[in-house]
Protein chains: 2
Amino acid sequence: MDDGVQHPTPDPVVEAVRQIRAHGERVTVARTAVLRVLADADEHLSADAIFAAVSRAAPGVHRTTIYRALDALERLDLVAFTRLRHDAATYHLAGHLVGGTHVLVRCRLCGTVSHAPGDLLDEVASRLAAEQGFALDPTAVALTGRCETCTKHVGPLDHTHVNKPPRHP
Amino acid sequence: MDDGVQHPTPDPVVEAVRQIRAHGERVTVARTAVLRVLADADEHLSADAIFAAVSRAAPGVHRTTIYRALDALERLDLVAFTRLRHDAATYHLAGHLVGGTHVLVRCRLCGTVSHAPGDLLDEVASRLAAEQGFALDPTAVALTGRCETCTKHVGPLDHTHVNKPPRHP
DNA sequence: CGTCCATATGCAACAGTGTCGCATCTGGCC
DNA sequence: GGCCAGATGCGACACTGTTGCATATGGACG
């Protein structure tokens with residue numbers, strides 16, 4: 001293992017598999033299939049979507065196994081997930097496997113999800129590390145609020161009297 | 001008693017009710033009960049816990065109504081919720097109703113949830129506002145990562161056999 | 001105060017997501 | 001090849017949140 005040198009991993013799956021082995025966990029077809037699916041799709045996927053994709057590549061893998069594989073991979077810090085509103089969780093490879101990271105930003109009103117630069121939370125991460133020894137994973141964060149459009153449309157939410165439009169549909 | 005002077009709202013429920021009316025929405029017993037419960041409990045509550053508490057104060061309110069009330073209140077920016085891991089959503093009054101805010105910080109490995117000061121995300125909020133016009137709600141954010149204790153243990157989880165013990169019975 | 005209508009609620013059944021127990025199979029190692 | 005802890009297949013389950021429809025209620029207006 002040449003962990004001393006920092007070189008870009010050509011295939012995150014290879015690196016992930018190596019880490020699974022390094023931790024004494026088993027490398028199975030289901031787990032590699034999940035990793036491959038997540039690596040190929042560079043967007044966040046629901047467990048159901050992962051199940052569908054894995055079934056295509058390796059038929060016979062059960063739905064439950066997907067969940068268990070995702071759980072195992074998450075404990076190994078190879079996979080993370082976020083929750084937007086009440087929808088299903090969306091999984092993705094951990095940030096340290098894919099280099100580029102981004103932070104999810106969701107508008108509570110219109111539901112639109114956009115991306116913010118990955119370094120957005122760098123200072124927050126530093127502060128958490130210094131004050132609590134907490135290692136933040138920026139890729140697993142979903143920031144909730146109101147997007148520009150909705151803020152303009154609905155109006156400022158401060159306590160200054162909201163101008164109530166007469167009920168006209 | 002209430003003039004133009006800006007002073008902290010004594011009762012967030014009163015303020016919330018005022019805003020419901022100001023938006024032309026209806027003030028119902030279910031909605032006020034939900035607000036009251038959330039205001040009394042200064043911690044985050046699951047929908048089920050809210051249902052139980054509301055049932056005590058105003059029996060006869062249906063479970064579905066709790067969800068619909070929470071949904072309506074959320075659209076009015078009076079209530080927000082967070083999702084920790086795969087558990088149920090936990091609801092709370094919007095930050096602007098209750099002066100003090102805090103940010104939830106969760107360790108992915110041990111599951112411990114701690115609080116960070118509410119101003120932790122101030123800079124992030126400013127940046128999002130400036131760059132995207134996005135109004136962040138810091139109280140609706142759950143930061144995921146690894147706590148100090150788990151990081152020191154270096155291993156991903158409890159069964160961390162990084163260096164495998166010789167296995168023979 | 002009484003009427004009216006949009007909408008909030010009660011009710012029950014449903015949908016989706018994730019979990020559990022147990023028998024069987026497989027990966028890693030001898 | 002053979003062994004065994006751990007992973008998987010399978011089914012059934014638990015839980016959270018949603019929907020359609022009939023009815024009750026809020027609040028505005030006369």
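Protein chains get the first letters and strands the later ones, always in sequence-line order, with residue 1 at the start of each.
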- Item | B:Arg21 side chain vs B:Glu25 backbone, donor-acceptor pair below 3.5 Å | no
Compile the donor-acceptor pairs under 3.5 Å between side chains in residues 58-68 of chain A and protein atoms, sequence neighbours left out, one pair per line.
| unit_1 | atom_1 | unit_2 | atom_2 | d |
| --- | --- | --- | --- | --- |
| A:His62 | ND1 | A:Thr64 | N | 3.1 |
| A:His62 | ND1 | A:Thr64 | OG1 | 3.3 |

- Query: Quick one: B:Arg75 CZ to C:dT7 P, roughly how many Å, whole number?
  - Reply: 11 Å
- Query: Should the ring pair B:Phe81 and A:His86 be called parallel, tilted or perpendicular, given that the plane angle runs from 0 to 90° and is split at 30 and 60?
  - Reply: parallel
- Rounded to the nearest angstrom, tell me the gap between atom CD in B:Glu74 and atom P in D:dG17. 11 Å
- Message: Please report the distance, rounded to the nearest Å, between CG in B:Leu76 and C1' in C:dA8.
- Response: 13 Å
- Message: Tell me whether A:Arg106 is salt-bridged to B:Asp137, with the criterion being a basic N under 4.0 Å from an acidic carboxylate O.
- Response: no
- Query: If only atom types and distance count, is the side chain of B:His44 paired as donor or acceptor with the main-chain N or O of B:Leu104 below 3.5 Å?
  - Reply: no
- For atom NE2 of A:His62 and atom C1' of D:dC13, their distance in whole Å: 13 Å
- Spell out, as yes or no, whether a donor-acceptor pair under 3.5 Å connects the side chain of A:His23 to the backbone of A:Leu76. no
- B:Leu120 vs B:Leu143 side-chain heavy atoms within contact, under 4.5 Å: yes
- Kindly write out the residues that satisfy salt bridge (Lys or Arg N to Asp or Glu O under 4.0 Å) with A:Asp119, not counting sequence neighbours, or none if the list is empty. B:Arg127
- Item | Interface with DNA chain C, restricted to residues 26-35 of chain A and to heavy atoms under 4.0 Å | A:Arg26, A:Val27
- Query: Tell me, which pairs form a side-chain hydrogen bond (donor to acceptor under 3.5 Å, both in side chains) where one or both residues lie in residues 30-41 of chain B, sequence neighbours left out?
  - Reply: B:Asp11-B:Arg36
- Item | Test item: B:His92 side-chain N/O and B:Thr82 main-chain N/O as donor-acceptor pair under 3.5 Å | no
- In degrees, rounded to 10°, what is the bend between the two ends of the helix from C:dC1-D:dG30 to C:dC30-D:dG1, using five pairs at each? 40°
- Message: Among B:Leu97, B:Asp71, B:Ile50, B:Leu38, exactly one meets side-chain contact (heavy atoms from CB on, under 4.5 Å) together with B:Val79. Which residue is that?
- Response: B:Leu38
Between protein and nucleotides 13-20 of chain C, what N or O pairs are separated by less than 3.5 Å?
| unit_1 | atom_1 | unit_2 | atom_2 | d |
| --- | --- | --- | --- | --- |
| C:dG18 | OP1 | A:Ala89 | N | 3.2 |
| C:dG18 | OP2 | A:Tyr67 | OH | 3.0 |
| C:dG18 | N7 | A:Arg63 | NH1 | 3.2 |
| C:dG18 | O6 | A:Arg63 | NH2 | 3.1 |

- Query: Just how far, in rounded Å, is P of D:dG17 from CG of B:Leu45?
  - Reply: 13 Å
